[in-house]
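Below: one structure, written as C-alpha cells.
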Amino acid sequence: MNDTGNAFLVHVAYATDRAPGPVAGKLQTFLGTRSDLRYGHATVSIPRTHEAGEVELPSWFRLQFEPDPAKHFTVAQSELLTPAAWSADVQARLRQSKRKAALLFIHGYNVSFNDALFRTAQIEHDTTFPGPAVLFSWPSKAKTIGYPKDEEDVQWAIPHLTEVIRRLLAIGDTNEIFIIAHSMGNRVLVNTLAELGRTSPAARAKIKEVVLAAPDIDAGIFKRDIAPKLPAAAQRITVYASSRDMALAASAKVHGYGRLGDTKPSVTIAPPLQTIDASELPADMLGHSYIGDNLSVLEDVRKIFASGAAPPQRGLRAAGPASKRYWRFDVPKH
C-alpha cells in the first residue's frame, strides 16, 4: 500500500473468469458472464478519511452521483497481464514483504468486479496485511435475481481458482498464503482446496490460514463430504457463522437445508476446523457482510494472520461441550 497524501493506493493482483468488457481510459472492465481465465492488476484508491469496516461509495441520499477519490473508493487503474507477467508482478511485491505472504480473497454472490476489488483492498488495508493482495473474481451477475446463475457460475470457476492457487504456490518467493472466501465464494474455494489436498500434498506447507466467512454451503454435505478433505490442503481453517444472517436464512429456505454459515438451528462443528459464532456482534440489515464490515471480526482476522493465535489468545470465549467446541466473541453485556 502506498500513501499519496490524498489517498491510500492499494495494488490488487486479480485473476478472473468474467468476460472482459470495454476499456475505459486506463480501466479494463469486466462483465457478469463467464469466460476463460484472465490475469491482471489494478490500483484501488482509498480515501484518507476511510473508516475501518467501511467501503465508502457515492450515495444518492447525499447527492453524490460520481465517485470522488477524496471521499470514496475508486479504481485508479486496471489492466490485463499475461500469466507470466502476473506471476512476476506478484513476486516483485512478495519480495517487498518481510513475511513474503500473499492474501487471496474470493467474493460471494451478487458482487460486481469493482465491488470485489474494493472489498479486497479494504480487507488488506484494515487488517494491515503485510503482503500483496490478490483477488479471484468469478462471474457473479451482481444482481439479487441472479442467484440461480451465480450458483452455476461458481461451479464454472472451480478449475480456474485451482489454477490460480497453483500459480501462487509456484512463485518462488511465496512463503505463506492466507485465504478469505465470503458467502457463495466458499463453494469454489472448498472444492478447490479438496482438489489441492488430493493432488498437491505440498500445498499445505504454504497455505497457512483459510477463513470461510458466512459460507453459503449445505452444512450437512460440507460436514460429511468436504470438511474431512480440507486439512490436507491448509494448516488451519476458521469458519465464521451467525444466526443473524438473513441472506443465509433465505438460502436455507430456497434449498431446504441449513447453511454452514448459519448457526440456526445449531452450530455446525467439523473438527479440526474452528468455528466462530458471530451472532452477538452488530451487523447490517442482512447480517451477511460482517467479514469486512464488523471491526471485531476484522481484528480477529488480523490476529489470525499476524500470529496464528488460538481463539482463547484472541479473546474469544469457549462454547459448547469439549467434544463440540466452538467459540464466541466476548461482547460486554449492558
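The figures here come from the full heavy-atom set of this structure, side chains too, leaving out hydrogens, waters and symmetry mates.
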Scan His160, His182, His107 and name whichever one has a ring-ring contact (aromatic ring centres under 6.0 Å, His included) with Trp138. His107

Run the numbers on Asn114 and Ser112 for side-chain hydrogen bond (donor to acceptor under 3.5 Å, both in side chains), then give the verdict. CA-CA 6 Å; Asn114 278 6; Ser112 70; over 6 Å; no

Pair Glu195 + Arg198: basic N to acidic O under 4.0 Å: yes

Would you please classify the geometry between the Phe73 ring and the His50 ring as parallel, tilted or perpendicular, with 30° and 60° separating the classes? perpendicular

Any side-chain donor near an acceptor of the partner, Tyr147 and Ser251, under 3.5 Å: yes

Please test Phe136 against Leu37 for side-chain contact (heavy atoms from CB on, under 4.5 Å), starting from the C-alpha separation and ending with a verdict. CA-CA 10 Å; Phe136 177 75; Leu37 181 63; 4.1 Å; yes

Straight-line distance of Phe118 CZ to Leu135 CG, nearest 0.5 Å: 12.0 Å

Heavy-atom pair of closest approach, residues Ala102 and Leu94: N-CD2, 4.1 Å

Shortest non-hydrogen contact from Ala270 to Ala227? CB-CB, 3.8 Å

Validation row: Asn175, Lys208 side chains within 4.5 angstrom (heavy atoms): no

I would like to know whether Leu193 and Lys229 meet side-chain contact (heavy atoms from CB on, under 4.5 Å); could you show each step before the answer? CA-CA 8 Å; Leu193 291 177; Lys229 301 174 183 178; over 6 Å; no

How about Thr199 and Arg166: does a side-chain donor come under 3.5 Å of a side-chain acceptor? yes

Flag the pair Ile171 / Ser87 as yes when at least one side-chain heavy-atom distance between them is below 4.5 Å, and no otherwise. yes

Evaluate Val75 against Thr43 for side-chain contact (heavy atoms from CB on, under 4.5 Å), listing each step before the verdict. CA-CA 6 Å; Val75 181; Thr43 302; over 6 Å; no

Please check if the distance between the ring centroids of Phe129 and Phe178 is under 6.0 Å. yes

Are the charged groups of Arg93 and Asp89 less than 4.0 angstrom apart, N to O? yes

Only one of Asp245, Asp216, Asn110 clears side-chain hydrogen bond (donor to acceptor under 3.5 Å, both in side chains) with His288; which? Asp245

For the residue pair Ala52 and Asp126, what are the closest heavy atoms and their distance? CA-OD2, 3.4 Å

Run the salt-bridge test on Glu176 and Lys100 with the 4.0 Å N-O cut-off and return the result as yes or no. no

Close side-chain approach of Arg259 to Pro215, heavy-atom, < 4.5 Å: no

On a heavy-atom basis, the closest approach of Phe329 and Arg317 is O-NE, 3.6 Å

So, Asp277 and Arg244, do they make that salt bridge, N to O below 4.0 Å? no

Report yes if the side chains of Gln96 and Pro132 come closer than 4.5 Å at any heavy-atom pair, otherwise no. no

With a 4.5 Å cut-off on side-chain heavy atoms, are Ser78 and His41 touching? no

Would you call Arg302 and Glu299 a salt bridge, taking side-chain N to carboxylate O under 4.0 Å as the test? yes

Leu212 pairs by side chain to side chain contact (heavy atoms under 4.5 Å, CB included) with which of Ile180, Ile217, Val190, Ile179? Val190

Determine whether more than 12 heavy atoms belonging to other residues, nucleotides or ligands lie under 6.0 Å from atom CD of Gln313. yes

Minimum heavy-atom distance between Gln122 and Gly292, given as atom pair plus value: NE2-O, 2.8 Å

Geometric cation-pi criterion Arg167 and Tyr39, 6.0 Å radius, 45° cone: yes

Could you go through the side-chain contact (heavy atoms from CB on, under 4.5 Å) check for Ser289 and Arg119 one step at a time? CA-CA 10 Å; Ser289 300; Arg119 184 62 88 182; 3.9 Å; yes

Measuring only between side-chain heavy atoms, which start at C-beta, is Trp86 closer than 4.5 Å to Val90? yes

Compare every heavy atom of Arg187 with every heavy atom of His255, then report the nearest pair and how far apart it is. CE1-NH2, 4.0 Å

